[in-house]
2 protein chains.
Amino acid sequence: MNGAGKPTINDVAAAAGVSKKTVSRVINKSPLLSASTREKVEGVIRDLGFVPNLQARALALRRNFIIAAIHDNPNAQFLVNVQQGIQQGIAGSEFGLMVQPFDRSDPAFESEVRAFLERQRPFGVVLLPPISSDEAIVALCRETGTRYVRMGSIKMDEAAHVVSSNDREAVRDAVTHLIGKGHRRIALIEGPEGFTSPQERRAGFEEAMAQAGLAVDPALVRPGSYTFESGVAAAECLLALAAPPTAIFASNDEMAIGAMIACRRAGVRIPEDISIVGFDDTPLSSHVWPTLTTVHWPIVDMARTAAQKLMGSEDAAGELPWMFPSTLVERGSVVAPA
Amino acid sequence: MNGAGKPTINDVAAAAGVSKKTVSRVINKSPLLSASTREKVEGVIRDLGFVPNLQARALALRRNFIIAAIHDNPNAQFLVNVQQGIQQGIAGSEFGLMVQPFDRSDPAFESEVRAFLERQRPFGVVLLPPISSDEAIVALCRETGTRYVRMGSIKMDEAAHVVSSNDREAVRDAVTHLIGKGHRRIALIEGPEGFTSPQERRAGFEEAMAQAGLAVDPALVRPGSYTFESGVAAAECLLALAAPPTAIFASNDEMAIGAMIACRRAGVRIPEDISIVGFDDTPLSSHVWPTLTTVHWPIVDMARTAAQKLMGSEDAAGELPWMFPSTLVERGSVVAPA
DNA sequence: TTGTAAGCGTTATCAC
DNA sequence: GTGATAACGCTTACAA
């Protein structure tokens with residue numbers, strides 16, 4: 001023990017009477033080691049409380065034990081769910097989770113990402129939507145030798161590099177559910193442009209309508225931006241229509257809840273006068289009144305798997321699932337139209 | 001340039017015709033360097049696109065360029081706000097943000113924290129409440145030589161190691177506001193035990209009542225756990241009272257919104273029949289109807305300053321503010337009692 | 001199965 | 001001011 005500091009691999013080697021390489025083999029669980037040597041060294045490691053220096057390993061191995069989540073200021077609940085999933089994925093390993101926001105509208109966006117990757121050299125990165133659909137960023141990962149997994153709503157890459165939900169089918173099911181209840185005038189509040197998920201959700205909406213032989217009334221399709229306020233605004237427009245809808249599908253929960261507020265202000269009862277369906281299944285959806293019927297989005301599962309894909313071999317990553325089904329959660333905001 | 005890989009300090013030294021130590025001096029902005037040498041080296045660094053290897057620096061300097069936020073699953077919005085603040089604080093620096101959750105109820109809690117600190121060796125950690133009031137964890141930071149800043153609602157440490165809000169005064173002001181409106185039967189929904197902030201908020205409540213010469217009716221003080229559901233449950237009890245309150249102060253927004261839902265279910269109008277005040281000023285508080293009068297909690301500012309304290313010298317940290325005033329935000333959930 | 005020597009890319013020491 | 005040389009703690013050849 002070199003006096004003050006923490007014990008190093010040299011201290012362990014000396015105390016165990018072996019070479020540092022042997023200790024290294026024990027740390028790395030090398031298979032070619034006699035059981036007796038291993039036990040002896042493990043005993044010394046325990047006694048000394050030796051913890052391998054990750055920075056030194058990072059230097060020698062040329063890879064940092066860090067998984068980074070790269071995002072562009074998404075919804076708080078989404079971000080926290082992703083973090084939770086990644087934490088589950090790296091639990092029990094040496095990896096740590098780093099979180100790094102970027103601003104896509106910044107002209108220096110790409111160079112900022114590059115600077116981050118070159119500085120921190122994370123072992124792998126999870127790309128959150130909408131950054132996940134940015135091919136330039138993916139190219140940057142390849143160029144810097146950073147492993148990556150893209151989170152999204154379609155299979156935008158090979159299985160080893162994607163975790164995806166099936167938003168299109170899920171929304172189709174949700175809207176079909178509304179149609180099954182007897183709704184015919186169904187409105188859609190869309191998500192922001194530049195994201196993939198709103199496109200998929202819209203496609204699912206249109207498919208459900210088409211399957212039921214219903215036309216999509218352009219007046220019942222309102223833009224939105226995944227924010228509460230945009231949900232309020234969209235619903236206000238819809239309620240002001242000469243023939244307002246009997247049901248609204250909002251492309252996410254926040255807008256759905258915005259729509260609920262707008263209805264309440266307008267004196268329109270939910271679900272008696274209008275049914276509402278959201279997407280995400282955030283905690284909030286069961287906290288509003290009436291509780292919100294919504295599509296459960298398995299973000300935590302997706303993020304956990306993303307982390308596992310990053311830590312394992314390329315082959316192993318390809319074996320892990322890339323598609324995570326979203327399912328309709330029926331609550332209190334949907335009934336048959338009056 | 002050693003063939004494939006990225007340029008190293010050696011490549012820069014060779015290309016500039018100086019020693020690696022001189023390059024190191026340039027990187028570290030050493031003052032004792034001739035201007036001509038500095039410019040020459042900086043030019044080469046730019047030309048080669050040299051980025052210092054943080055892992056190597058971490059090994060040599062024995063400190064990792066990472067700030068870690070350590071928490072025990074707090075509210076999503078709170079966590080995201082803290083992250084945002086820390087990101088603001090480290091913006092423009094080489095530091096990265098790592099996020100690490102722990103479970104205080106796990107018997108291995110302390111050893112898990114120790115393992116994290118010894119493995120990742122973050123340069124500094126921001127301790128989020130309620131972990132911030134755990135002296136054992138603080139001791140662990142000292143022992144492992146990890147710089148730390150505690151986030152909380154009281155000055156639980158020296159200025160260099162604390163950022164705090166003034167919950168007590170803020171709540172006193174908020175409740176005084178209710179009293180000023182004419183309320184006399186004011187209920188309190190408390191936060192969970194084991195946290196400091198609920199104690200402070202309760203103290204502020206009691207001080208306001210005492211200052212106004214009002215007695216605190218024990219029947220109007222209900223336990224809560226900072227969750228939506230606990231807010232619902234507490235409000236249900238309050239509304240069932242023979243003499244229900246005319247106003248409720250909930251110790252956080254989530255419970256306040258739970259209380260709002262409970263009132264609505266019970267047919268009690270807000271604010272006509274009952275006024276409600278929350279604490280936090282989460283985005284949600286302006287998204288409900290009526291909008292929630294609440295206390296703004298300057299988490300982002302606190303977290304930004306925490307990061308700055310960690311990165312600067314101990315002295316500089318002590319100079320930075322440790323107290324961040326919370327202020328009442330008047331919205332639509334408070335009126336004079338009927 | 002185990003050990004030796006040479007890096008990994010940077011900074012600290014101490015000369016010049 | 002600047003430069004050899006030795007750390008920092010670990011891993012990967014390559015031997016033995």
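Convention: sequence-line order gives letters A, B, ...; per-chain numbering from 1.
Against DNA chain C, the stretch residues 55-67 of chain A makes heavy-atom approaches under 4.0 Å through A:L59, A:A60, A:R62. Across residues 112-120 of chain A, not one residue has a non-hydrogen atom less than 4.0 Å from an atom of DNA chain C.
Side-chain proximity of A:I9 to C:dT10, D:dG9, D:dG3: nearest is D:dG9. Looking at the side chain of B:F50, the nearest of the listed nucleotides C:dT10, C:dT1, D:dC14 is C:dT10. The nucleotide whose nearest atom lies closest to any side-chain atom of A:L32 is, among D:dG3, C:dT11, C:dT2, C:dT2. Out of C:dT11, D:dT11, C:dT1, the shortest distance to the side chain of B:N28 is found at C:dT11. Listed nucleotides C:dT11, D:dC14, D:dG1 differ in distance to A:R25; the shortest reach to its side chain belongs to D:dC14. Side-chain proximity of A:N53 to the nucleotides D:dG3, D:dG9, C:dG3 is greatest for D:dG9.
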Inset, instruction - Check step by step if salt bridge (Lys or Arg N to Asp or Glu O under 4.0 Å) holds for B:E314 and B:K309. - result: CA-CA 8 Å; B:E314 183 92 9; B:K309 289 192 180 195; over 6 Å; no
Legend entry - Full working for side-chain hydrogen bond (donor to acceptor under 3.5 Å, both in side chains) between B:Q120 and B:Q100: CA-CA 11 Å; B:Q120 295 290 349; B:Q100 189 63 36; over 6 Å; no
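Looking at every heavy atom in both residues, A:L54 comes nearest to A:F65 through CG-CD1, 3.7 Å.
Spacing between atom CG of B:L48 and atom P of C:dG9 amounts to 14 Å, rounded to whole angstrom units. One interatomic measurement links the two molecules: NZ of A:K6 to P of D:dC10, which rounds to 10 Å at whole-angstrom precision. Here C:dT2 presents its C1' atom at 13 Å from CZ of A:R38, a figure rounded to the nearest Å.
Between B:Y148 and B:H161, the angle of the ring planes stays under 30°, which puts this pair in the parallel group of the 30/60° scheme. Using bins of under 30°, 30° to 60° and over 60° for the plane-to-plane angle, the ring pair B:F78/B:W297 lands in the parallel bin.
Counting only N and O atoms by type, the side chains of B:S164 and B:W322 include no donor and acceptor under 3.5 Å apart. Side-chain contact check for A:N64 and A:R57: no donor-acceptor pair (N or O, by modelled atom type) lies under 3.5 Å. In this model, a donor atom of one side chain and an acceptor atom of the other lie less than 3.5 Å apart for A:S105 and A:D103.
Among B:I67, B:L97, B:T146, B:L310, the single residue meeting the side-chain contact (heavy atoms from CB on, under 4.5 Å) criterion with B:P122 is B:T146.
Using a 4.5 Å heavy-atom threshold, the side chains of B:F109 and B:I137 count as touching.
Two residues, A:T37 and A:K20, neighbour DNA chain C, and the one matched to the more 5' nucleotide by heavy-atom proximity is A:T37. Summary of the strand contacts: A:S24 and B:L33 both lie near DNA chain D, and taking for each the nucleotide with the nearest heavy atom, the more 5' one is attributed to B:L33.
Note on B:S34: every side-chain N or O is 4.0 Å or more away from OP1 and OP2 of D:dG1. Contact between the side-chain N/O atoms of B:T22 and the OP1/OP2 oxygens of D:dG3 is found at a separation under 4.0 Å. Between D:dG9 and A:T8, no contact under 4.0 Å exists linking OP1 or OP2 to a side-chain N or O.
A salt bridge does not link A:R104 with A:E112: every distance from a Lys NZ or Arg NE/NH1/NH2 to an Asp or Glu carboxylate oxygen is 4.0 Å or more. For the pair A:E118 and A:R114, the salt-bridge criterion is met [side-chain N within less than 4.0 Å of a carboxylate O].
Axis angle between the ends of the helix from C:dT1-D:dA16 to C:dC16-D:dG1, five pairs each and rounded to 10 degrees, works out to 30°.
Here A:V23 lies out of heavy-atom contact (under 4.0 Å) with every strand.
No hydrogens or angles were tested; on distance alone, nothing pairs the side chain of B:K21 with the base of C:dT11 as donor and acceptor under 3.5 Å.
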